[in-house]
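What follows is a single structure, written as C-alpha cells, with notes after it.
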Protein chains: 2
Amino acid sequence: MAAKQTGFVRKTKQREVILEVLRSTKSHPTADWVYQEVRKKMPNVSLGTIYRNLKTLTEMGEALELSYGSTYSRFDGNPENHYHFVCENCGSVIDLDIPVTDALEREVAEKTGHKAASHRLEFYGLCRDCQTNDSTNGSLH
Amino acid sequence: MAAKQTGFVRKTKQREVILEVLRSTKSHPTADWVYQEVRKKMPNVSLGTIYRNLKTLTEMGEALELSYGSTYSRFDGNPENHYHFVCENCGSVIDLDIPVTDALEREVAEKTGHKAASHRLEFYGLCRDCQTNDSTNGSLH
DNA sequence: TTTAAGAATGATAGCATTTATCATCAAAGG
DNA sequence: CCTTTGATGATAAATGCTATCATTCTTAAA
Ligand SMILES: [Zn+2]
Ligand SMILES: [Zn+2]
Ligand SMILES: [Zn+2]
Ligand SMILES: [Zn+2]
C-alpha cells in the first residue's frame, strides 16, 4: 500500500506528461479524461499506465485522488489540502479559496479521542454560473 | 434521476427489512453486508433488490449513501447530516458527535458566490482504539 | 560506452461493484 | 375478486479499476 517494497521510482516520459496534463487543468478530471489528453501527445499510451501513474503520483504527494459518488475517481493536480464545491446541476468541481482550518482536527481529538491527521470538506449546491442560468439540468460535461 | 415518472412507492416487506437492518447498526455497512443480514430473515432476497432499495431509501431521505474511496459505497441509517471519522488503520467509519455548522455554507456563499445546500466533512486518522493497540495494520473489519 | 538488473510500459484479461433487463409476483384500490 | 402496475428474483451486462506478462526502457555500475 505504501511505496514498492524494494524498488525505487524511475522517471518516465509517460508520468511526466500525465502530471503535465493534470496540472494544466482545474477541472479535477477523471482518469479517462487524462487518458484522452495524454493520447494527444502520446497516442500509444495505455489506460493502465494512466491509472498506474495517477496512483503513483498520489502516493508521491504530487496529486490528490478525490471521490465524489461511488462510480469513479477524480484527480487533482494541486496536492495541497483545499476544499471543494460540487455543483449538483452542472457537475463541476470547483476549488474553494477559504482557509483550511486545522482547528477542526483538534476539536475532534478533544471531544472524541480520535486523532485526525487530515480532513476533507466538500460543499454541494448550485455554483455561481448555474444560479444565473436557470437551466433545470446542466450538461454534466 | 428523481422519483419514478408517474408511479408511486409501494410498501414492501423487503424494503421494511432493509431499513430495519440499516438502522440496527452504526457501522455504515456496504450493500453486501446489508444483503447478508437481510438474507438471514429473507433467504430468497435478491442482491438487486438490496441495491434498488438502498437507492430508493436514500432518495426518500431515510438513509445516506457514503463513498470513501472509489471501490464501494457505504450506507448510513441515520439520514440527518453528521460528520464522520474514517480510521486509516482499521477502516471503521465512526459517527462524530460534533455540531454541524451551517456557518460554513454561509461563508462559502459570501466568499465565492456558490450557493451550498449541504456539506460533508470527514476526518482521517487513527481512531481511539487503534491508538492504544499499537498494531501496525488492523483488520479492516 | 557497454552491460546488466529490474522498473515501467502496452495490451489484454480479470475482478468487484453496481445497474439493466424481464418474466413473474404481489400491493393497492375499486 | 379483479385489474393495474410497481416491485421482486434471477441473471446478464456495464462500468471502473486492477492484475498479469512479455517486452521496452531507465538507471547505475563496470
Ligand atoms: Zn453548476
Ligand atoms: Zn482541487
Ligand atoms: Zn481504528
Ligand atoms: Zn454516520
Distances for protein N or O near nucleotides 22-26 of chain D N or O, under 3.5 Å:
| unit_1 | atom_1 | unit_2 | atom_2 | d |
| --- | --- | --- | --- | --- |
| D/dT26 | O3' | A/K11 | O | 3.3 |
| D/dT26 | O2 | A/R10 | NE | 3.3 |
| D/dT26 | O2 | A/R10 | NH1 | 3.0 |
| D/dT26 | O2 | A/R10 | NH2 | 3.1 |

Could you write out each protein N or O paired with an N or O of nucleotides 28-30 of chain D at a distance under 3.5 Å?
none

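Screening residues 12-57 of chain B for ring-ring contact (aromatic ring centres under 6.0 Å, His included) gives B/H28-B/H84 as the qualifying pairs, with residues at least two apart or on separate chains. Within the structure, ring-ring contact (aromatic ring centres under 6.0 Å, His included) pairs that include any residue of residues 90-118 of chain B comprise A/F85-B/H114 (at least two apart or interchain).
Under the side chain to side chain donor-acceptor pair (under 3.5 Å) criterion, A/T25 pairs with A/S27, not counting sequence neighbours. By the salt bridge (Lys or Arg N to Asp or Glu O under 4.0 Å) test, B/K26 is found to be paired with no residue, residues two or more places apart in sequence or in another chain being considered. Judged as a ring-ring contact (aromatic ring centres under 6.0 Å, His included), and not counting sequence neighbours, A/F75 has no contacts. Every residue meeting the side-chain contact (heavy atoms from CB on, under 4.5 Å) condition with B/D102, not counting sequence neighbours, appears here in chain and number order: B/V100, B/E105, B/R106, B/H119.
Within residues 19-28 of chain B, no residue has any heavy atom closer than 4.0 Å to DNA chain C. For DNA chain D, the residues of residues 34-52 of chain B within the heavy-atom distance limit of 4.0 Å (strictly under) are B/N44, B/V45, B/S46, B/T49, B/R52, sorted by number.
Of the residues B/V45, B/L19, B/T58, B/I18, the one that meets the side-chain contact (heavy atoms from CB on, under 4.5 Å) test with B/N53 is B/I18.
Closest approach to the B/Q14 side chain among C/dT17, D/dT8, C/dG10 is made by D/dT8 (side chain taken as heavy atoms from C-beta onward).
At a threshold of 4.0 angstrom between heavy atoms, the contacts of A/D32 with the nucleic acid are absent.
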Side-chain donor/acceptor pairs under 3.5 Å, residues 120-128 of chain A, sequence neighbours excluded:
| unit_1 | atom_1 | unit_2 | atom_2 | d |
| --- | --- | --- | --- | --- |
| A/R120 | NE | A/E122 | OE2 | 2.3 |
| A/R120 | NH2 | A/S67 | O | 3.0 |
| A/R120 | NH2 | A/E122 | OE2 | 3.0 |
| A/E122 | OE1 | A/Y124 | OH | 3.0 |
| A/R128 | NH1 | B/T112 | O | 2.8 |

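Between the side chains of B/H82 and B/D76, at least one donor N or O sits under 3.5 Å from an acceptor N or O.
Remark on the helix from C/dT1-D/dA30 to C/dG30-D/dC1: inter-end axis angle 40°, axes from five-pair C1' superpositions, rounded to 10°.
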Quick one, A/R74 with A/E65, criterion salt bridge (charged side-chain N to carboxylate O under 4.0 Å, His left out). Give me CA distance, side-chain angles, the key distance, then yes/no.
CA-CA 6 Å; A/R74 284 168 174 267; A/E65 181 176 359; over 6 Å; no
